[in-house]
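Okay, structure first, notes after.
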2 protein chains.
Amino acid sequence: MVKKRARETDDDAEQAFLEGYRPGAFPRPSVTVDLVIFTVRDRVLSTLLVRRGEHPFKGRWALPGGFVRVSDDRLDQGESLDDAAHRELAEETGLDAERAGKVRLEQVGAFGAPGRDPRMRVISVAYCALLRPTLAPLVRAGGDVDAARWYPLDELPPLAFDHATILDRALAHVRARLESSPIAFELVPETFTIAELRTVHELVYGQSLDPGNFRKRFLRMVEEGVLEKARGSRATASKPASVYRFVRT
Amino acid sequence: MVKKRARETDDDAEQAFLEGYRPGAFPRPSVTVDLVIFTVRDRVLSTLLVRRGEHPFKGRWALPGGFVRVSDDRLDQGESLDDAAHRELAEETGLDAERAGKVRLEQVGAFGAPGRDPRMRVISVAYCALLRPTLAPLVRAGGDVDAARWYPLDELPPLAFDHATILDRALAHVRARLESSPIAFELVPETFTIAELRTVHELVYGQSLDPGNFRKRFLRMVEEGVLEKARGSRATASKPASVYRFVRT
DNA sequence: TCAAAAGTGTTGTTCATACACCCATGG
DNA sequence: CCATGGGTGTATGAACAACACTTTTGA
């Protein structure tokens with residue numbers, strides 16, 4: 001009982017502290033989220049870039065992104081980083097909330113080198129995502145950007161800020177992830193053939209893979225229940241191929 | 001030439017914009033770095049915690065860390081995130097700059113859930129590090145903390161803020177890293193036996209490893225030149241064992 | 001129009017590697 | 001008791017070979 005009262009006193013002191021607390025005048029950075037969205041277009045791995053309509057770097061291409069909405073209001077401190085990333089995804093790509101919400105965003109890391117934004121100190125939290133090629137054509141410029149377009153990774157224009165660095169790190173992130181988890185399934189349509197999935201892997205890794213070996217790994221995943229055969233087949237360059245589907249857990 | 005002039009005009013416009021720019025009144029979050037420092041003490045994987053001397057969470061244990069020093073001054077926007085992490089490492093552990101500078105800090109990610117700090121909106125960038133057990137005893141409370149001590153991972157006290165989450169993610173980060181890179185060498189003294197390194201791996205993974213298999217992997221690394229035999233041997237519980245050293249690249 | 005050639009996916013084999021599991025030895 | 005050192009079987013991936021089916025090419 002004594003212990004409980006002591007605890008309550010502690011809590012009271014903490015409560016009193018919080019109610020009297022006024023955020024100090026220590027300088028704070030702005031915080032943004034930047035998105036690296038990959039897709040496959042015309043058998044090329046591409047990423048979404050937007051053209052900046054305002055200074056700084058006006059006219060330059062940049063990763064989509066924007067400021068995280070925050071507040072010191074104790075009851076509503078604003079949106080989370082993940083929410084901010086999803087909001088920017090929807091805003092800058094024009095995808096509706098339902099589709100944007102289904103996209104799996106993964107945090108790549110925080111980038112905060114001084115001077116990366118000439119206006120002021122900005123710390124950016126980068127996210128990456130893989131967008132189904134069936135959704136990619138729906139993307140259009142939205143928000144406060146001039147234009148939005150998919151750029152093949154080997155035809156990138158000069159990028160604003162340190163976005164080239166962020167893009168490199170995001171690509172490394174996706175490559176590392178691909179070795180251990182089946183996220184590549186987000187880069188193919190709902191149903192796909194073995195060869196189609198192999199092509200996507202080849203694009204991400206940047207090198208060709210042995211069709212036979214890939215097939216074996218693929219069929220092993222079918223036995224494990226990660227993949228399942230879907231109805232129908234598809235006409236390909238050679239033999240008609242069966243189509244498969246990713247089994248959602 | 002015309003092109004060059006146009007380009008200069010663009011640059012001029014950008015320059016003019018920057019000189020006229022005044023950071024807006026958009027609310028900004030505070031940004032901190034938090035450190036998850038692992039070491040091995042008495043054959044137990046442990047992490048460094050500090051006791052908070054001030055509200056909020058006064059008296060609670062927390063990860064060492066602090067605010068990133070930033071500024072909107074265009075000539076000096078303050079320290080980088082990595083620098084902030086190293087500075088906090090030195091400040092809160094009392095390690096001298098030379099030793100603290102040698103510690104390899106890796107970014108784990110950004111944590112920015114609203115409400116994680118009851119005072120105000122705070123976004124934290126977490127770093128993790130492995131500290132040589134020979135350095136661990138030198139650590140003492142520094143900076144504005146009550147006390148600092150090493151806690152075994154299975155005897156953690158309740159932590160302030162969302163630091164329990166951050167710690168979990170940092171541990172997962174280290175485990176994932178350990179499978180592909182030899183950072184475990186930072187958790188043993190300069191020279192070590194095969195069994196000692198295996199023990200460290202077992203501690204990090206939380207499960208015992210086959211001595212024979214580990215030995216084979218170890219000797220393979222010796223052949224690759226990642227490790228080399230050091231002079232002397234060490235008396236162990238059983239047979240005297242040779243000692244090895246990590247080859248710095 | 002038909003047949004050969006080229007392209008591509010499929011199926012099977014070989015080889016080397018790495019790990020899991022087991023066991024005898026010796027300090 | 002436990003690290004050492006060795007052994008075997010298995011799973012996996014790399015590289016390669018033979019084959020099936022389709023499309024293209026050219027007589």
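Order of the sequence lines fixes the chain letters, A, B, ..., with proteins taken first and strands second; residue numbering starts at 1 for each chain. The model shown is predicted, which means the values in this text are computed figures rather than measured ones.
- The distance from atom CD of B:E179 to atom C1' of C:dC19 is 13 Å, rounded to the nearest whole Å.
- With respect to B:R87 and B:E79, a salt bridge is recorded, a charged nitrogen being found less than 4.0 Å from a carboxylate O.
- Put simply, CE on B:M221 is 12 Å from P on C:dA18, counting in whole angstrom units.
- The CG atom of B:L209 sits 16 Å away from the P atom of D:dC2 (whole-angstrom rounding).
- Of the side-chain N and O atoms in A:R217, none sit less than 4.0 angstrom from OP1 or OP2 of D:dT12.
- Using bins of under 30°, 30° to 60° and over 60° for the plane-to-plane angle, the ring pair A:Y151/A:W61 lands in the perpendicular bin.
- At least one donor-acceptor pair under 3.5 Å links the side chain of B:R132 to the backbone N or O of B:V188.
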Each nucleotide in nucleotides 8-15 of chain C should get exactly one letter: B, S or -. Can you fill that in based on protein heavy atoms under 4.0 Å?
BSBBBB--
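- Spacing between atom CD of B:E196 and atom C1' of D:dA3 amounts to 12 Å, rounded to whole angstrom units.
- Judged by the 6.0 Å and 45° rule, B:R220 forms no cation-pi pair with B:F218.
- Between B:Q207 atom CD and C:dC19 atom C1' the separation is 13 Å, expressed in whole Å.
- Of the side-chain N and O atoms in B:R220, none sit less than 4.0 angstrom from OP1 or OP2 of C:dT17.
- For the pair B:E106 and B:R177, the salt-bridge criterion is met [side-chain N within less than 4.0 Å of a carboxylate O].
- Atom CZ of B:F214 is separated from atom P of C:dC21 by 17 Å (rounded to the nearest Å).
- Here B:R43 pairs with nothing under the side-chain hydrogen bond (donor to acceptor under 3.5 Å, both in side chains) rule; sequence neighbours left out.
- In this structure, B:F218 atom CZ and C:dC19 atom P are separated by 15 Å, rounded to whole Å.
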